[in-house]
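Structure first, commentary second.
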Amino acid sequence: MASDSKQATLALMEIAICIAQGVHEISPGATQAMNFAAAKAYNRLKESGDNAAAEILYEFGRALLDRALFPKPDLGGSERPRR
């Protein structure tokens with residue numbers, strides 16, 4: 001059962017990253033806004049004691065900072081990042 005939960009978490013993260021990459025292609029500046037929103041959600045979850053959910057938001061925020069996944073426009077942002 002724990003393995004199923006971990007797989008679901010990984011799938012959810014991959015889906016979120018795919019959506020974020022699509023948004024990033026349309027508006028590269030949106031990545032920063034998504035990171036800010038993820039940080040706010042992380043803090044809210046930590047304050048409520050939901051550490052597992054907060055950790056997922058933390059990992060998502062870290063992924064948003066990954067330039068291999070979300071390149072800056074002047075560094076070849078027209079190409080789709082590879083995972």
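Excluded from the calculations below are hydrogen atoms, water molecules and symmetry mates; all remaining heavy atoms, backbone and side chain alike, are included. Predicted model, so just to flag it, every value in this text is computed and none were measured.
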### Query
Taking atom CZ of Arg67 and atom OG1 of Thr31, what is their separation to the nearest 0.5 Å?
7.0 Å
### Query
Any side-chain heavy-atom pair from Lys40 and Asn43 closer than 4.5 angstrom?
no
### Summary
Distance col, row Asp66:CG vs Ile17:CD1, nearest 0.5 angstrom, shows 8.5 Å
### Query
When rounded to the nearest 0.5 angstrom, what distance separates CD in Gln21 from CD1 in Ile26?
12.5 Å
### Task
Evaluate the criterion side chain to side chain contact (heavy atoms under 4.5 Å, CB included) for residue pair Asn35 and Phe60; output intermediate values, then yes/no.
CA-CA 8 Å; Asn35 191 329; Phe60 179 65; over 6 Å; no
### Distance (rounded to the nearest 0.5 Å) between Leu12 CG and Glu59 CD
12.5 Å
### Query
What residues join Tyr42 in its hydrophobic cluster, counting side-chain heavy atom gaps under 4.5 Å, either direct or through other members?
Leu45, Leu57, Tyr58
### Query
Do Val23 and Met13 belong together in a cluster built from hydrophobic side chains that touch within less than 4.5 Å?
yes
## Note on the structure
When every non-hydrogen atom of Ala20 is compared with those of Leu64, the smallest separation belongs to CB-CD2, 3.9 Å
### Query
Would you find a donor on one side and an acceptor on the other, under 3.5 Å apart, between the side chain of His24 and the backbone of Lys72?
no
